[in-house]
Asker: 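Below you will find the structure I want to go over with you.
Remember, it's 1-based here, ligands and their atoms both numbered in the order they're listed. Quick note: numbers below take in every heavy atom, side chains included, and nothing from hydrogens, waters or symmetry partners.
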Amino acid sequence: MKKRLNQLPISRRDFLNGMLIGAGGSLLSTQGTQLFASALDGVNNSVNRPGKDWYGYGGVGDYALSHGNTPELLAHAHDIRDGRYKNTNKSSLKIDEEFDVVIIGGGLAGLGAGMTFQKQRQAGQKCLILENHPVFGGEAKRNEFGVNGVNIFGPQGGNGFSVPSADGEHGDSYWYRELDIPREFDYQTLQNSKKSLGFSNDNMDYWYGGEDRVSTGHFFSDAAADGSGQWLIDPWRNDFEKSPHSVVDRQTLIDWRFNRRPVSSNEKELGPWLDSMTYQDFIYKFMGMGSVVPEYFNNILSTAVGMGCDVVSAYAAYKMHLPGVNSFYPRTNRKFAKNGRHGFPGGTDGFARYFIKRLIPDAIEGGDSFADILLKPINFSAFEQKDNSVRLRLGSTVVSVEHAGDADNSDAVLIQYIKDNKSYTVKAKGVVMATGSWINRHVLKDMPANYINACQSFVQAPFMIANVALNNWRFLHELGVTACLWDKGFGFSCNIRRPMKIGQYQPPLDPDKPIVLTFYVPFLTPGLAAREQAILGRQKLLMSSYAEFEQQILAQMQTLFQRSGFDAQRDVSGIILNRWGHALYVPEPGYYFGQGNEPASRDILRRRFGRIAIGHSELHGIQHWGTAADEGAHAMRQVLDVL
Ligand SMILES: Cc1cc2nc3c(=O)[nH]c(=O)nc-3n(C[C@H](O)[C@H](O)[C@H](O)COP(=O)(O)OP(=O)(O)OC[C@H]3O[C@@H](n4cnc5c(N)ncnc54)[C@H](O)[C@@H]3O)c2cc1C
């Protein structure tokens, strides 16, 4: 029998019960917060479980019960952190199953490891992937809404991509070719409008690179004399003319973006030096520019590397081709990135679905077409087919991984996991940990001391992605924008995408029809150390109820759009929150080349110990879909060597 996650029995009415808009448009306060105090890494506190009002509405379809960190996952993760599984006596464990390799984590790194196993294994070898969410994909998953008979999607985390070259041997190029993903896409055209509006194909292009093709409004909260704020539409096209910035600050932004040659093009010479400072140090000391640059850019940068210019290595900025370190767009020939990015309906979820289809063909219903792989339901009963070389077990939290004997001489690894509140043990000849260091440092029981130190040196930033299903987006159309940035309040930006058309799936792009408005929300406190920012950020992310975030989102929308006709009661159909406690690794100075005589932590962690190898996107620095899969593959190759 096919097992499917059913649509949640939440109606629009239930959703609106948590909602708060008074007749005059004023916001009423909601119920009190159910505190979730255990969320704080590094803070000694009592453990509470997330309350009923924490997780909130999940939309419809296969992903409805898996949006961001689930309450169950948080509870397990904090049990692991607080040492509940610390003293397992491995000699007393009953072995339930044996596999050649077990992969922990079913995100893109784990799936890349799985593909490598499938291609390079010897006949008869078997692999099991253990994943703690109810759906595979890690941060590469989707939200789905059904609004007025139209199914519309948004990303839970990973968002856009560029089509890589067809002949590259590594990274994105390699995986793209292996997965056999189309290279051209069809997007919906604007209907029912006489305006010429530019749209982003993903939720990111308008921040950096696509400013000249996306109609972007910048909102300055305190600019108008009456305190009501001021919109500037497409300010990069006219040098921030009429912005409330001082003349000097306007010129600084333009110089930063267009007028500075990079310090050198010799990466070898440059690398260690750049990696010894933050991008902000570089901007201040070597570009001679003021705080207007980090103030403008911190939030944008955080969507790629978790935090802002004040803590991120200048060498990470170099890797991202940021101004001053590695890119030069002369003023006379100003150009932004030439080619736009693409976004599958659920962001990078399309990659995860392609991986699964290649690993376990029956796991997504239908055939091998692009439309079937992206849009057909997941067939949950196919994950455990015995004749498949790779199996996937969802809802399974690994709590302990340890060699059966001494790490250097043992012939097996014991993996203990919890599923449906029961504990199981699997024995494997090798293990790939496709999980981040905040998990690994607690779960890997016989990890050498230098690995533990390396894990402890890493900082991951929290993030929330909120998808708001709109019945219509007339209020954006009136304003003449499809994307917005603002300087104060909840989050810093939101946009609607030009929807991808896939076969029969032809979602509308019409101001009077449904669409998803997506907010990427960082939690930064610039000026504090990265670790402190992460702790404070997780506090904000995890200690608020669903209703409190819902209220903040709607209040922000009112501030921005009330004057162009926004009415929450009429226009909003549903909100899904995706909270990620450890969303993005923050590459601080020293990440790439180490500090002093110490090797870089990631170089330590990328080496197998015994029969265990680590492969997670945080080991690459700039996390994205292809590098995540690369790290998983790198770890799998090391494990296959010792089978
Ligand atoms: C805000 C944001 C924006 C992004 N934008 C883009 C973008 O535009 N383009 C792009 O390509 N990428 C983007 N990314 C990055 C990309 O999504 C990630 O790098 C990639 O998906 C991470 O894959 P991963 O497998 O390394 O990690 P994860 O996705 O974290 O997967 C690890 C998996 O292991 C599971 N796990 C953890 N512990 C256990 C345990 N004990 N037992 C069992 N399972 C466990 C986790 O639940 C998770 O499912 C973005 C990410 C974020 C957060």
Asker: Locate the shortest heavy-atom distance separating P134 from L394; write the atom from each residue and the value.
Answerer: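 For P134 and L394, the tightest heavy-atom pair comes out as O-CD1, 3.2 Å.
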Asker: Give the residue and atom name of whichever protein heavy atom lies nearest to atom 25 (O) of ligand 1, and the separation in Å to one decimal.
Answerer: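 Checked against all protein heavy atoms, atom 25 (O) of ligand 1 sits closest to A109 N, 2.8 Å.
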Asker: At what distance is the nearest protein heavy atom to atom 37 (C) of ligand 1, and which residue and atom is it?
Answerer: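 Looking at atom 37 (C) of ligand 1, the protein heavy atom closest to it is T435 CG2, 3.4 Å.
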Asker: From atom 17 (O) of ligand 1, work out which of A628, S162, G158, G112 has a heavy atom at the shortest distance.
Answerer: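 Among A628, S162, G158, G112, the closest heavy atom to atom 17 (O) of ligand 1 comes from G158.
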Asker: Which option, I465, V398, I439, owns the non-hydrogen atom nearest atom 42 (N) of ligand 1?
Answerer: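 Among I465, V398, I439, the closest heavy atom to atom 42 (N) of ligand 1 belongs to V398.
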Asker: Of the backbone atoms (N, CA, C, O) and the side-chain heavy atoms from C-beta on, which set of M204 has a member under 4.0 Å from an atom of ligand 1: side chain, backbone, both, or neither?
Answerer: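 M204 to ligand 1: side-chain contact only, backbone stays beyond 4.0 Å.
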Asker: Quick one: do R81 and D79 make a salt bridge, cutoff under 4.0 Å?
Answerer: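 Salt bridge between R81 and D79, a charged N being under 4.0 Å from a carboxylate O: no.
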Asker: Output yes when a side-chain donor or acceptor of E144 lies under 3.5 Å from a complementary backbone atom of G61, and no otherwise.
Answerer: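 No; zero donor-acceptor contacts below 3.5 Å.
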Asker: Show which atoms of ligand 1 fall inside a sub-4.0 Å distance from at least one heavy-atom site of I104.
Answerer: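 Close to I104: 42 (N), 43 (C).
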Asker: Any side-chain to backbone donor/acceptor pair from S200 onto D202? Under 3.5 Å, distance only.
Answerer: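 Yes.
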Asker: Could you check whether atom NZ of K419 has more than 12 heavy atoms from other residues, nucleotides or ligands sitting under 6.0 Å from it?
Answerer: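 Yes.
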Asker: Is there a polar contact between ligand 1 and N132, counting only N or O atoms under 3.5 Å apart?
Answerer: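 Yes; at least one N/O pair falls below 3.5 Å.
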Asker: Heavy-atom distances under 4.0 Å are what count here, so tell me which part of A77 touches ligand 1: side chain, backbone, both or neither.
Answerer: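 Contact part for A77 vs ligand 1: neither.
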Asker: Considering N159, T627, L73, D202, which one's heavy-atom position lies nearest to atom 7 (C) of ligand 1?
Answerer: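 Going through N159, T627, L73, D202 one by one, N159 has the nearest heavy atom to atom 7 (C) of ligand 1.
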Asker: Does K429 pair with D100 as a salt bridge, N-O distance under 4.0 Å?
Answerer: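 Yes, K429 and D100 are salt-bridged.
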Asker: Would you kindly specify which portion of F463 sits under 4.0 Å from ligand 1, judged on non-hydrogen atoms: side chain, backbone, both or neither?
Answerer: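 Answer for F463: side chain.
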Asker: For ligand 1, which atoms sit closer than 4.0 Å to a heavy atom of L130?
Answerer: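 Near L130, the atoms of ligand 1 are 43 (C), 44 (N).
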Asker: On a heavy-atom basis, I'd like to know which of G157, P155, G160 is closest to atom 8 (O) of ligand 1.
Answerer: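 Nearest option to atom 8 (O) of ligand 1, by heavy atoms: G160.
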Asker: Does at least one non-hydrogen atom of Y520 fall below 4.0 angstrom from an atom of ligand 1?
Answerer: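 Yes, that is the case, since the closest heavy atom of the residue is under 4.0 Å from the ligand.
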Asker: Please tabulate, for side-chain N and O atoms in residues 102-113, each donor-acceptor pair with protein atoms closer than 3.5 Å (sequence neighbours left out).
Answerer:
none

Asker: Is there a polar contact between ligand 1 and L108, counting only N or O atoms under 3.5 Å apart?
Answerer: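 Yes, since at least one N or O of L108 sits under 3.5 Å from an N or O of ligand 1.
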Asker: Determine yes or no for a side-chain-to-main-chain donor-acceptor pair under 3.5 angstrom, with R498 supplying the side chain and Y187 the backbone.
Answerer: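 It does not hold such a pair.
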Asker: If I take atom CE from residue M447 and atom SG from residue C455, how far apart are they, to the nearest 0.5 angstrom?
Answerer: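 Answer for the CE-SG pair, M447 versus C455, is 4.0 Å.
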Asker: Just distances here: any N/O of A583 and N/O of ligand 1 closer than 3.5 Å?
Answerer: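 For ligand 1, there is no N or O atom that lies under 3.5 Å from one belonging to A583.
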Asker: Not counting sequence neighbours, which residues clear ring-ring contact (aromatic ring centres under 6.0 Å, His included) with Y417? List them please.
Answerer: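 ring-ring contact (aromatic ring centres under 6.0 Å, His included) list for Y417, sorted by chain: Y424.
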Asker: For G107, counting its heavy atoms only, list the atoms of ligand 1 lying under 4.0 Å from any of them.
Answerer: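 Reading through ligand 1 atom by atom, the close ones are 25 (O), 31 (O), 33 (C).
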Asker: Counting each atom of ligand 1 from 1 as listed, which ones have a heavy atom of T397 under 4.0 Å away?
Answerer: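 Answer for ligand 1: 42 (N).
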Asker: Can you name the atoms of ligand 1, numbered from 1 with element, that are less than 4.0 Å from a heavy atom of G105?
Answerer: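 In order of numbering, the contacting atoms are 33 (C), 34 (O), 35 (C).
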Asker: Tell me: protein heavy atom nearest atom 11 (O) of ligand 1, and distance?
Answerer: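 Checking every protein heavy atom, the shortest distance to atom 11 (O) of ligand 1 gives W625 N, 2.8 Å.
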Asker: Closest approach of P507 and P499, non-hydrogen atoms and distance?
Answerer: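 Looking at all heavy atoms of both residues, the shortest contact is CG-CB, 3.5 Å.
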Asker: So which protein heavy atom does atom 26 (O) of ligand 1 come closest to, and at what separation?
Answerer: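 The protein heavy atom lying closest is S617 OG, 2.7 Å.
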Asker: Which option wins on minimum heavy-atom distance to atom 18 (C) of ligand 1: H133, R341, E139?
Answerer: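 Ranked by closest heavy atom to atom 18 (C) of ligand 1, first place is E139.
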Asker: Only heavy atoms of T303, strictly under 4.0 Å: list the atoms of ligand 1 that pass.
Answerer: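 Contacts of ligand 1 toward T303, numbered from 1: 3 (C).
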Asker: Check for me whether R579 meets the cation-pi criterion with W54, that is, NZ or CZ under 6.0 Å from the six-membered ring centre and within 45 degrees of the ring axis.
Answerer: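 Judged by the rule (NZ or CZ under 6.0 Å from the ring centre, within 45° of its axis), R579 counts as positioned above W54.
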Asker: Taking side chain to side chain donor-acceptor pair (under 3.5 Å) as the criterion, tell me which of H616, Q623, H620, R606 meets it with E631.
Answerer: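 Running side chain to side chain donor-acceptor pair (under 3.5 Å) over H616, Q623, H620, R606 with E631 returns exactly one hit, R606.
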Asker: Which residue holds the protein heavy atom closest to atom 32 (C) of ligand 1, what is that atom called, and what is the gap in Å?
Answerer: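 Of the protein heavy atoms, A434 O, 3.6 Å lies nearest.
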Asker: Check for a donor-acceptor pair, side chain of Y451 on one end and backbone N or O of R607 on the other, with a separation under 3.5 Å.
Answerer: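 Answer holds: yes.
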Asker: Who's the nearest protein heavy-atom neighbour of atom 19 (O) of ligand 1, and how far?
Answerer: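 Heavy-atom neighbour on the protein nearest atom 19 (O) of ligand 1: Q623 CB, 3.2 Å.
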Asker: So, applying ring-ring contact (aromatic ring centres under 6.0 Å, His included) with W175, which one of F351, F355, W625 is it?
Answerer: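 Running ring-ring contact (aromatic ring centres under 6.0 Å, His included) over F351, F355, W625 with W175 returns exactly one hit, F355.
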Asker: For S396, take its heavy atoms, then give the atoms of ligand 1 lying under 4.0 Å from any of them.
Answerer: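 With S396 as reference, the close atoms of ligand 1 come out as 42 (N), 43 (C).
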Asker: Atom 30 (O) of ligand 1: which protein heavy atom is closest, and how many Å away?
Answerer: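 Answer for atom 30 (O) of ligand 1: H616 NE2, 3.4 Å.
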Asker: Would you mind listing which atoms of ligand 1 come within a distance below 4.0 Å of any non-hydrogen atom of T348?
Answerer: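 Listed by number with element: 9 (N), 10 (C), 11 (O).
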Asker: Ignoring hydrogens and angles, state whether a donor on the side chain of S302 or Y520 is under 3.5 Å from an acceptor on the partner side chain.
Answerer: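 Their side chains do not contain a donor-acceptor pair, so the 3.5 Å distance test is not met.
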Asker: Tell me: protein heavy atom nearest atom 33 (C) of ligand 1, and distance?
Answerer: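 Here the nearest protein heavy atom works out to E131 OE1, 3.5 Å.
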